[in-house]
Every structure is written in C-alpha cells, then in structure tokens.
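To keep things clear, I will list the structure first and then write my remarks on it.
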Amino acid sequence: MLANQIYLYNTLTNKKEKFIPIDENKIKMYVCGVTVYDYCHLGHGRSYVVWDVWKRFFISQGFDVFHIQNFTDIDDKIIRRANEEKVNWKDLTEKFIDAYFEDLDKLNVLRASLYPKATDYIDEIISIIQGLMEKGYAYRAGDDIVFSIKRFEGYGKLSGKSIGDLIENHRVESSSLKENPLDFVLWKSSKPDEPSWDSPFGKGRPGWHIECSAMSLKHFGSPFDIHAGGQDLIFPHHENEIAQSEGYTGNKFVNYWLHNGFVMISGEKMSKSLGNFKTLRDIYKIYDPMVLRLFILSSHYRSPVMFNVENLASAKEAWDKIKNTLDVCTSFGLINGNKDNVPSNFVNALCDDLNTPLALSFIFEKIRYVNSIINDYEKNPLKEYEINISSNIDEILSMIDILGLKYTSDVLFYSREKLTADFASYNFNDVNFELFECLNNKKIFQLISYREFFKQKKSYDLSDKIRDFFNKKGYALEDLPRGVRIKKR
RNA sequence: GGCGACGUGGCCAAGCGGUAAGGCAAGGGCCUGCAAAGCCCUCAUUCCCCAGUUCGAAUCUGGGCGUCGCCUCCA
C-alpha cells in the first residue's frame with residue numbers, strides 16, 4: 001500500500017492533480033531524449049536531473065518505474081553535421097550517444113529501463129503511418145506523407161492554442177503541397193545521397209514526432225502514465241505526438257504530461273538556436289557535477305533557472321557545507337549508511353509537485369542540528385551524542401539519496417594518539433620538504449605527525465610551514481579536538 | 001499581434017488566506033597558538049505599484065508597470 005498521495009502539475013489540464021497510476025504500483029514513464037548530433041548542454045542536464053529525481057522519488061515511494069528514454073538518431077541536423085564532419089551519420093550518432101552516457105552518469109542520473117533509437121523502429125513507424133492514412137488522418141504531399149491537423153479534433157489541447165491563431169501567426173513558409181501550413185511530416189522522402197529506408201511510400205526517413213509515438217505505443221500501449229520533457233517540446237512536438245497517437249489508436253495517449261522549465265543565461269533562454277549554450281563537459285571543468293545537481297534542485301523544476309557563476313558558487317558552498325558535516329561524521333566513524341529513514345516533511349515536500357527547494361531546506365536544517373551536536377560531542381564524547389548524530393546522519397543520507405546527490409568521502413582523519421605515538425624518536429627542528437614532493441598516505445601521515453610535534457613544542461612557524469605546504473599541494477588541514485582532518489580541495 | 005508564466009531581503013529561493021522556510025554573502029561573539037570547519041546572535045513590520053474583497057492578503061479580485069517564454073529546430 002502506498003501511503004503518500006503525490007500531486008503533479010499536468011500540462012494537459014494546467015492544474016496540479018492527484019497522481020493515480022493506471023496499475024496500482026507500476027508507473028510507465030516516457031522521457032523525450034536528445035537528438036544525438038552534439039554534446040549535451042546544461043538544459044539537457046537540468047531536464048534529465050529533474051526526471052531522475054521524479055523517478056527516484058517514485059521508487060522511494062514504492063513504485064516500480066519503467067522508464068523509457070529515446071535517442072533521436074536520424075534527422076536533418078544529424079545528416080548536416082555528418083556531412084560537415086565528413087563522417088558516417090551512424091558513427092556520428094554513436095559517438096554522441098556514448099558522450100550522453102558519459103556526461104549524464106557524472107550527474108548521477110540513473111539509467112533508463114530502455115533507450116530505444118528511432119532507426120530501430122522503422123517498421124512500427126511505417127505501420128502507424130499506414131494506419132493514419134487508412135483512417136484519413138494522413139495524406140501524400142508531393143513525395144512526403146504528412147498529418148492533417150484539422151482532421152484531428154482537439155488539436156492544440158496540450159499547448160492551449162487554437163488552430164486559427166496558429167495559422168495566422170505561422171512564421172515559417174510552408175510547402176505549397178500541404179493542405180495546411182501546420183500539417184507536419186510523418187515520412188520524409190530522401191534525396192539520393194541521404195540515409196533512407198524503404199517504405200510503401202517510397203524511400204525516406206521518419207519525421208521527428210512519429211518516433212516517440214511508435215516507441216511508446218509499442219512498449220506501453222495507450223494510455224500510459226507519464227510523458228515528460230522540456231517546455232520547449234510542448235509545441236509542436238508533444239502536440240503532434242498526441243494528434244498522431246490518438247488519431248491512430250482512438251485512445252487517450254498519455255494521462256500526465258510533465259514539463260521542466262528552461263535554463264536561462266544572461267536573461268535569455270539557453271538554446272541551440274541562440275547559440276548561448278554551455279556543454280556539461282565545459283561546466284565539469286570548473287564545478288563538481290554534484291554542485292551542478294544541487295544548483296538545479298535549488299529551484300522548482302517548472303521555474304526558469306538563472307545560470308551564472310554567482311549562483312553556481314553559492315551552490316558549491318552549500319554542497320561543501322553538507323559534505324563537511326558528512327566528512328566530520330565519517331572521521332568520527334559515526335556513519336552507518338542506513339538510507340531508509342526519510343523524514344516525513346521531506347516526503348511531503350516532494351509529494352507536492354516535487355518541491356525540491358523546500359525539501360533541501362529540511363536537509364540544511366538537519367545539517368545545522370547535527371553540527372550543533374558535534375560541537376557538544378567534541379567537548380564531551382558521550383554515547384548519547386553518538387546515537388543522536390548517527391540517526392540524524394541516516395536521515396540526511398536518505399534524503400540526499402532520493403535527490404540523487406552522491407556523497408563520497410574525500411577526507412582522512414588521524415587521531416591525536418596515532419599522531420603523537422612516535423614523538424620519542426623525533427629530535428629535529430626542521431623539515432626537508434624535498435622528501436615529500438610525491439605525497440602518499442604514509443608521507444601525509446608523517447608530515448601531519450611532525451606538525452603535531454612542532455605544535456607541541458610551540459614552534460608555530462614550522463607547523464604553519466607544513467600546513468602551507470599541504471595547501472600548495474591542494475590539501476586542507478583542519479585541527480579537530482581529537483585529531484587532524486585532511487581533505488582534498 | 002495571439003497565448004502563457006513570473007515579479008519575495010545584497011544575491012538565489014520556498015511559502016499561495018492566519019501573520020515571511022532554507023542556501024549564499026555581510027556584521028558581531030564563541031572555539032583556535034593562528035587558521036579552517038562549526039556553533040550562537042544580527043540581517044524583509046514586509047513580499048513591483050495602486051485600488052478592492054476579508055476579522056485577517058505576499059497569498060484572492062480588478063487595473064497598472066516590468067521581466068521572460070511559446071507561436072520555427074530546441075531539454
């Protein structure tokens with residue numbers, strides 16, 4: 001039995017709705033993937049992090065999630081890019097599929113259940129197009145097959161547009177062969193030198209929208225629970241998917257349409273067409289992927305989010321704050337790794353259309369609480385403090401796990417007893433740093449022990465020299481009441 | 001032009017009818033040989049402006065002003 005009622009904002013109804021899956025505890029979720037002709041940018045990163053958190057949250061609430069995310073591996077842009085780079089289109093798409101996984105794995109995005117590629121579903125695409133022609137929804141326009149939007153009642157219901165307005169404001173010159181400028185291509189005839197597939201309509205390739213219908217209908221049927229993607233896909237992509245899918249099946253296509261907001265850069269939407277995009281791999285050169293993830297989750301998923309160095313720096317400090325506490329608890333041996341203890345206020349926040357900023361605030365409140373107990377514990381190492389710290393750390397780890405924030409300890413802790421054990425054999429008053437150019441754990445320990453020695457003799461200039469040496473090597477030394485903590489910066 | 005979203009402290013950002021969460025930054029104190037990390041305290045009588053509804057509004061209604069998005073390939 002699932003205890004918590006989840007609410008989500010459905011673009012189809014423009015309302016926050018109770019989430020009721022078709023099968024009681026199974027969720028069929030289709031996420032629009034990338035067209036693989038370039039590296040993923042921040043906008044992709046935000047989108048897939050958001051859907052990843054939705055998925056992790058569903059799983060944490062006891063649902064089985066079947067998650068499909070496609071790769072569009074044939075279209076005009078791919079063909080153009082392949083020609084520019086004088087490579088085979090197939091090699092190009094494989095390269096960027098590999099790059100997709102490399103970049104999104106770093107963001108700790110869980111793998112989908114299935115990653116279908118458009119070109120593996122040509123047969124299914126063809127039979128849908130044939131079905132649409134038989135039902136009168138599609139017709140031949142020159143060598144192409146196009147969908148007739150005016151024959152589909154309810155066109156515009158997702159994006160809230162009327163056909164009349166759309167036609168009036170249509171900015172793109174339309175092919176004179178189409179009955180209506182908004183009719184969209186289902187099957188696009190190919191030129192002799194372009195990749196093509198045989199079909200009853202002639203050699204060609206699928207239009208953009210049809211692949212998602214083919215792949216989701218094949219694996220899910222209709223209706224299915226959730227179809228998600230960026231807000232830029234609402235029109236025309238998802239509108240067209242509804243038209244062709246519902247025209248073909250006669251059933252409702254999708255129950256809940258979810259869309260994430262844009263990444264903004266200097267006040268404008270970041271996009272391929274504006275050319276103002278930053279790739280994930282560029283960001284990773286400056287910031288830890290988890291910093292990016294925290295930055296993304298600091299805003300609600302439907303709001304626009306402003307990308308700039310100040311906001312990223314703020315996210316970095318916040319992530320360091322969480323990691324510091326976890327590091328300190330690691331150094332005390334107070335982390336036992338139980339991740340099944342999620343506070344109810346956190347769950348409630350996510351139940352309300354995935355309110356991650358609110359959810360994060362509960363993590364920070366708990367971090368501060370744990371830190372205050374650590375302060376007491378350092379002065380007075382009582383067992384009751386340890387129990388309290390451990391149980392709160394369990395909750396923190398449970399929460400960051402649902403948000404997909406991956407903590408890895410990069411801290412070493414040496415107790416004062418260990419550091420002072422060999423003092424009897426120390427009879428020097430300087431350090432030859434040349435011997436420590438190549439640091440390993442043994443040498444790190446030695447240096448820290450020497451520093452303890454100099455500190456005890458109150459030779460603070462020497463102890464500070466050692467700390468400066470570590471700083472230059474990229475390590476930060478911190479004195480705790482019961483020993484020394486060292487971490488990579 | 002049509003449709004839609006938004007405007008909360010120096011910055012980011014929740015709250016959406018019951019008297020302003022959280023993060024970053026800043027200032028003061030504690031701890032420290034000094035640091036770092038951390039703790040404590042301070043930091044919006046007020047939520048773009050104006051009018052209205054209400055016992056009560058940042059939250060609802062109407063009108064302004066401003067920003068952004070979609071209407072074309074885009075997550």
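Naming: A, B, ... by sequence-line order, numbering from 1 per chain.
- Across all strands shown, A:S303 has heavy atoms under 4.0 Å from sugar-phosphate atoms exclusively, and none from any base.
- Cation-pi contact between A:K269 and A:F262: present, with separation from the ring centre below 6.0 Å and deviation from the ring axis of at most 45°.
- Of the candidate nucleotides B:A37, B:A75, B:C71, B:A75 has the atom lying nearest to any side-chain atom of A:Y48.
- When the P atom is compared between B:C50 and B:C65, the two are found 15 Å apart, to the nearest whole Å.
- Using a 4.0 Å heavy-atom cutoff across all strands shown, A:K379 reaches no nucleic acid atom at all.
- Within the 4.0 angstrom heavy-atom criterion, no nucleotide atom of any strand lies near A:G164.
- If you measure from atom CG of A:D376 to atom P of B:A37, you get 20 Å, rounded to the nearest angstrom.
- Which of B:C24, B:A13, B:C73 sits closest to the side chain of A:S314 comes down to B:C24.
- For the P atoms, the distance from B:U8 to B:C48 is 6 Å, rounded to whole Å.
- Summarising the geometry, the separation between NZ on A:K472 and P on B:A36 is reported as 18 Å, rounded to the nearest angstrom.
- In this structure, CE of A:M264 is placed 14 Å from P of B:C6, rounded to the nearest angstrom.
- Straight-line distance from the CD1 atom of A:I163 to the C1' atom of B:G2: 15 Å, rounded to whole Å.
- Within the 4.0 angstrom heavy-atom criterion, base atoms lie near A:N260.
- Picking from B:G38, B:C73, B:A37 the nucleotide with the shortest atom distance to the side chain of A:N371 gives B:G38.
- Atom name C1', nucleotides B:C70 and B:U46: the rounded distance is 34 Å, in whole Å.
- If you take atom C1' in B:G66 and the same atom in B:C60, they sit 22 Å apart, rounded to whole Å.
- Nearest-nucleotide mapping onto RNA chain B: of A:G261 and A:K455, the residue sitting toward the 5' end is A:K455.
- In the interface, the side chain of A:D479 is paired with the base of B:C34 through a donor and an acceptor atom under 3.5 Å apart.
- Nearer to the 5' terminus of RNA chain B, by closest-nucleotide assignment, is the contact made by A:S162 (compared with the other of A:S162 and A:R485).
- Nucleotide B:U67: paired with B:A5 (Watson-Crick or G-U wobble, both distances less than 3.5 Å).
- Nearest to the side chain of A:S299, among B:A75, B:G23, B:A13, sits B:A13.
- Summarising the geometry, the separation between CG on A:L480 and P on B:G33 is reported as 13 Å, rounded to the nearest angstrom.
- A cation-pi arrangement, defined by a distance under 6.0 Å to the six-membered ring centre and an angle within 45 degrees of its axis, is absent between A:K106 and A:Y284.
- Residue-level contact check: A:E310 touches neither bases nor backbone, having no heavy atom under 4.0 Å from any strand.
- Remark: of the listed residues A:F58, A:W54, A:Y9, A:F58 is the sole one forming a ring pair (Phe, Tyr, Trp, His ring centres under 6.0 Å) with A:F19.
- Nucleic acid contact class of A:H259 (heavy atoms, under 4.0 Å, all strands): none.
- To the nearest angstrom, C1' of B:A35 lies 19 Å from CZ of A:F469.
- Atom CZ of residue A:F332 and atom CD1 of residue A:I393 lie 11.5 Å apart, to the nearest 0.5 angstrom.
- Note on A:K161: a base of the nucleic acid sits closer than 4.0 angstrom, heavy atoms only.
- For A:L354 and B:A13, the CG to P distance is 17 Å, given to the nearest whole Å.
- Comparing B:G38, B:C73, B:A75 against the side chain of A:N375 picks out B:G38 as the nearest.
- The side chain of A:R467 lies closest to B:G33 when the candidates are B:G33, B:C11, B:G38.
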- Message: Before you tell me yes or no, could you show the steps for A:R111 and A:D105 under salt bridge (Lys or Arg N to Asp or Glu O under 4.0 Å), namely the whole-Å CA-CA distance, both residues' side-chain angles and the distance that decides it to 0.1 Å?
- Response: CA-CA 8 Å; A:R111 294 285 179 109; A:D105 283 352; 2.7 Å; yes
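- With A:Y30 as reference, A:N70 is the one residue of A:I226, A:N70, A:V254, A:D225 to meet the side-chain contact (heavy atoms from CB on, under 4.5 Å) rule.
- Here A:D75 lies out of heavy-atom contact (under 4.0 Å) with every strand.
- Residue A:I374 is classed as having no contact, given no heavy-atom separation below 4.0 Å to the nucleic acid.
- Side-chain proximity of A:M270 to the nucleotides B:C24, B:A13, B:A75 is greatest for B:A75.
- Atom P of nucleotide B:A37 and atom NZ of A:K487 are separated by 8 Å, given to the nearest angstrom.
- Residue A:K321 is classed as a sugar-phosphate contact, given heavy-atom separations below 4.0 Å to backbone atoms only.
- For A:K323 and A:Y407, the positive end is not near the middle of the six-membered ring at less than 6.0 Å and at most 45° from its axis.
- For B:G33, its base sits under 3.5 Å from the side chain of A:D464 at one donor and acceptor pair at least.
- Of the listed nucleotides (B:G22, B:G69, B:A75), B:G22 has the atom at the smallest distance from the side chain of A:S361.
- Between the side chain of A:D183 and the backbone N or O of A:I149, at least one donor-acceptor pair lies under 3.5 Å.
- Centre separation under 5.5 Å together with a plane angle under 30° does not hold for the ring of A:F364 and the six-membered base ring of B:G22, so they are not marked as stacked.
- Residue contacts shown for A:S372 are limited to sugar-phosphate atoms, with no base heavy atom under 4.0 Å away.
- Rounded to the nearest Å, the gap between the C1' atom of B:U67 and that of B:A51 is 23 Å.
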